[in-house]
Amino acid sequence: MGDLPYPALYATHGGIWIARADGVTEAVGRGEAISRAADTPMILMNAPLVGSRLGYPDLSGLDLLELFAFVFPARFAVPTPHGLAQALELEPPASDAEAADFLRRAAAKLLAVLDGDWPEREGAWTSAQALGRLRWPWAAAVLQRVRRPERDERWLFSRLPEWSEAAGRGPPRNVRIDPAEVSERLTELTGTGAEPRPGQRLYAETAAAAFDPRRTAGEPHMLLAEAGTGIGKTLAYLAPASLWAERADGAVWVSTYTKALQRQLTREGERLFPDPAERRAKMVVRKGRENYLCLLNLEDALQGGFSGRAAILAQLVARWAAYSRDGDMVGGDLPGWLPSLFRRAGATALTDRRGECVYAGCAHYRKCFIERSTRASQDADIVVANHALVMVNAARGRETGAAPTRLVFDEGHHLFDAADSTFGAALSGQEAIELRRWILGPEGRSRGRRRGLQARLMDVISYDEAGADAVAAAVAAAQELPGDGWLQRIGEGAPWGPVEALLLAVRHSVYARATAQESGFGIETELAEPDGAFVAAAGEAVAVLERLMRALVALGKRLEAVLEDAPDWLDGPARARVEGALSGLAWRTQTIASWIALAGRVGGPADPDFVDWLAVDRVEGREFDVGLHRRWLDPTRPLAEAVLKPAHGVVVTSATLRGGESWDAAEARTGASHLGRAVHFAADSPFDYAANSEVLIVTDLKRGDLPALSGAYARLIEAAGGGTLGLFTAINRLRAVHARIADRLARAGLPLYAQHVDPIDTGTLVDIFRDDPTASLLGTDALRDGVDVPGHSLRLVVMEGIPWPRPTVLHAARRAVGGGSAYDDRVVRARLAQAFGRLIRRGGDRGLFVLLSSAAPTRLMTAFPPGVAIRRVPLAEAVERVQTWLPTEPALRQEEPV
């Protein structure tokens, strides 16, 4: 490291250390660390996180993670000293005090890679030159080592392969698969030496019938399967799914709710298709367009569309894109920590979040990640998607190649919530301005790729007079939608245009009627008994929306006519642009129709099928949106009509599908109650929960006593030696507890991380937690579901209280028809079951569940597995129980099929 002149700075909640260039490491205070970091470039790991711990958010330096992303694009490393040591095959530091010197060793190792040849060498020299011009802190050190190639490098846009067009896949054959053959396939997947799992085998054989030919239109074969943790449900449904896909020459869509399960399913693809080439062809991950890198947006960013730190991010993303498996920026092989290093500057602008794709009009269309994924899924046997994509495609009438006839919804207990979000409507300022920008393009900008309808349909306008008139009418109508600065204008009581005037009336009503305004967060009130001014404003807004609706419908008809007449100028690229515009128009006109229905009901009778309310959305007291909202009282009705009935076979599965209730409750929350008879299957977990877990209810904590709550968390985490998942129902309490205990725990060698505090994405936080058995993690709902941390790293779950549902307008309406307090109990039991389910993930796991609520009703305790001991104890006894009952060392893990 003699040629590495940079010192390194490492900071935890327990201390700050600087390793000087001469090899000496010293402990320093926050003020001195900030002063020295401002004067001298220092090696850091995750500058935003270090800045947060120092109380100096503008901290910058030589971020080791940025260097890692440059040297090894599309590779992941847990962003901790231990994780980076594993990735670089270095000896990890033995203590926090040694971590600063380790950062220098890691930097030297990464820079040494640049002296030779390595798999990601191509493009490095070209990228380094661009980063040097952008004054990237690492540029000087990198340029000294990366030698200029003898021949010009293939840069990103010439390096990416092209996808090829193929004939569409025909409908699947009508085949029936034998349960005995399914059992054989399951044996192939698990291996002949695998431990016998009768529940898994029975599940697979039962699921086979869901793939049979459909007998009656609108009545798919439907299986509701509750399979306890450890049954191996993933392989249980993949066995019949893969066999059916093979025999029928059709695709099975497997839908998940969390990215964690999506990644898990991708790993299971290695069992289904051991050959990598076959796996790429037969098992494809599909996500919404907004998840993938848009090459045209990236080109715009690289050519000056971005500046400052955002421009550096664009260069590193370009390095990644050249080596990415599929271009997925959200949950794919782009490290989740990379955008957060730049405080997400420009990251969202690199995807197509506004539906502005020009399709074949794009110079990179033949290499587009999105188009490649779409075409790959048409010929795949297994398409791994998510609930949102499956429902959005159905709701918007999009074609997904051959429409899937067989669907598997894993994490099926989330179907209700996913449908609730998908089939709802919101006429808000943010939604309206997005529509305006889609039609008009960004206003007040002289450059940039994002353009409106006129630019995207220039060939139609130039050669077709009727098309030009239709576009002009749409543009004129869109001028009346809220524009930039709308929120400030309505805050000042000076709206521009009828829709902004309606939003002002909404805001006025919410502040006049809502309660709990002192909370600083979102406030709402039901849409009932509006005053005359509100009704008048709604009527004028509806008139604007109807004019826009007529214009877009007219444009859609004109585009359909252009496609049908096929004039001479309609070549392949032009046709693709027109078809893309038609697709965007179709679902935007659906959106506007829902807005018209919502605003049109102001002053009229309520629709019993819907719940309507008014809301001002705020974060810590700062308003960011205002609008009218509508949700189905029962969102499984549109789910059944749009998604379930068109299918031929549906499997809905989860470890907690019933949530401790009857099958009637499961049918009601999955949409099965709106269909014919569904088949039910249940298999209990093979784990011995009674021997390996307990529930402790702490009885002596006073509700609302924040110091006592913080002390309880600290004592329990110390007793467990880390390995704790702390779950909160309110972000402000999470932040307050973290602020009170993080330093104390760090001094004991127990790192503490937290959602909504640490500037790290949730997926990476879970990766850090999983990698370090002394670490603990605090979080909210996102960590209650879908977190898979097996083994010693998660041995204690602590909940701050009973997770009662928030008393919103929507919840009150559903509670009224769902049985009152019984409805609340069902929701809470399901949440408790999910939280408890984080504990025991594999054979050999052992853990405790602690509920810091003396008022936990006995009737809710059925959420926990039968036989699990439930003890009501004071905090001191709970701490002692944690200390003596939990294992001090990791048990030998028994791997199991998922």
Side-chain angles (χ1 to χ4, degrees), residues 69-76 117-127 130 149 151-169 251 262-263 266 269-270 273-303 314-335 338 350-352 357-385 400-401 449 572-573 576-577 580:
F70 175 86
V71 178
F72 298 125
R75 293 198 207 181
F76 179 76
D117 290 321
W118 75 104
E120 297 94 341
R121 188 195 191 290
E122 186 173 36
W125 186 85
T126 303
S127 181
R151 294 177 297 179
D152 288 343
E153 294 178 308
R154 290 186 304 158
W155 184 219
L156 170 65
F157 300 110
S158 59
R159 191 179 190 279
L160 291 175
E162 292 189 354
W163 51 262
S164 56
E165 200 72 71
R169 194 177 196 175
Q262 205 163 61
R263 289 194 296 267
T266 303
E270 297 178 8
F273 311 108
D275 178 65
E278 182 185 21
R279 187 162 62 250
R280 285 192 296 272
K282 295 294 187 181
M283 191 169 190
V284 174
V285 175
R286 276 292 308 277
K287 295 183 179 180
R289 301 182 66 89
E290 67 278 2
N291 289 275
Y292 296 94
L293 173 68
C294 171
L295 294 174
L296 201 55
N297 282 355
L298 177 62
E299 183 181 49
D300 176 46
L302 295 175
Q303 293 180 352
Q315 289 291 337
L316 293 177
V317 168
R319 275 282 285 158
W320 160 78
Y323 295 92
S324 172
R325 179 181 62 251
D326 55 11
D328 179 3
M329 292 188 70
V330 185
D333 52 14
L334 180 75
L338 182 59
L350 294 174
T351 60
D352 179 25
C357 182
V358 294
Y359 297 89
C362 173
H364 311 298
Y365 181 64
R366 302 291 301 187
K367 300 183 178 183
C368 174
F369 289 116
I370 304 167
E371 296 297 328
R372 185 184 305 153
S373 172
T374 301
R375 281 157 181 78
S377 67
Q378 294 174 4
D379 294 318
D381 284 0
I382 305 294
V383 180
V384 180
T400 56
R449 186 200 65 78
R577 279 195 299 280

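Along the sequence shown, residues are numbered consecutively beginning with 1.
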* Asked: Atom CZ in Phe157, atom NE2 in His364: separation rounded to 0.5 Å?
  -> 4.5 Å

* To do: Apply the test side-chain contact (heavy atoms from CB on, under 4.5 Å) to residues Met283 and Asp381: give CA-CA distance (whole Å), side-chain angles for both, the deciding distance (0.1 Å), then the verdict.
  => CA-CA 6 Å; Met283 191 169 190; Asp381 284 0; over 6 Å; no

* Set of residues satisfying side chain to side chain contact (heavy atoms under 4.5 Å, CB included) with respect to Arg154, sequence neighbours excluded -> Glu122, Ser158, Arg159

* Results of side chain to side chain contact (heavy atoms under 4.5 Å, CB included) for Ala321 - residues two or more places apart only -> Leu156, Leu293, Phe369

* To do: Measure across Ala380 and Val284 and return the closest heavy-atom pair with its distance rounded to 0.1 Å.
  => CB-CG2, 3.7 Å

* Nearest 0.5 Å, what's the CG-CG distance between Leu295 and Leu350? -> 10.5 Å

* Between Arg75 and Tyr323, is any pair of side-chain heavy atoms under 4.5 Å apart? -> no

* Working for side-chain contact (heavy atoms from CB on, under 4.5 Å), residues Asp333 and Phe76 -> CA-CA 7 Å; Asp333 52 14; Phe76 179 76; over 6 Å; no

* Listed by chain and number, what are the ring-ring contact (aromatic ring centres under 6.0 Å, His included) partners of Tyr365, not counting sequence neighbours? -> Trp163

* Give a yes or no on whether Asp152 atom CG has more than 12 heavy-atom contacts from other residues, nucleotides or ligands under 6.0 Å away. => no

* Are any non-hydrogen side-chain atoms of Val330 and Thr351 less than 4.5 angstrom apart? -> no

* Using the test side chain to side chain contact (heavy atoms under 4.5 Å, CB included), find all partners of Ala69 that sit at least two apart in sequence or belong to another chain. => Trp337, Leu338

* Distance-only, no hydrogens or angles: does the Thr126 side chain make a donor-acceptor pair with backbone N or O of Gly123 under 3.5 Å? -> no

* **Which atom of Leu334 lies closest to which atom of Met329, heavy atoms considered** => CD2-O, 3.7 Å

* Structure fact -> So CD1 of Ile370 and CZ of Arg289: to nearest 0.5 Å the spacing works out to 4.0 Å

* side chain to side chain contact (heavy atoms under 4.5 Å, CB included) with Ala251: which residues, sequence neighbours excluded? -> Arg169, Trp253, Val383

* **Side chains of Ser127 and Arg319, donor plus acceptor under 3.5 Å** => no

* May I ask you to test the Cys362-Glu371 pair for a side-chain heavy-atom distance under 4.5 Å? => no

* Taking only residues two or more places apart in sequence, or in another chain, which ones meet Asp328 in a side-chain hydrogen bond (donor to acceptor under 3.5 Å, both in side chains)? -> Lys287

* To do: Return yes if some donor-acceptor pair links the side-chain N/O of Arg280 with the main-chain N/O of Ala376 below 3.5 Å, else return no.
  => no

* Asked: Counting only N and O atoms by type, is there a donor-acceptor contact under 3.5 Å from the side chain of Arg279 to the main-chain atoms of Phe273?
  -> yes

* What closest approach, in Å, do Arg366 and Ser164 show between heavy atoms, and which atom pair accounts for it? -> NH2-CA, 4.0 Å

* Contact summary for Val285 and Tyr292, nearest pair of heavy atoms -> O-OH, 3.5 Å

* Asked: Atom CG of Asn297 and atom CG of Leu302: how far apart are they, to the nearest 0.5 Å?
  -> 11.0 Å

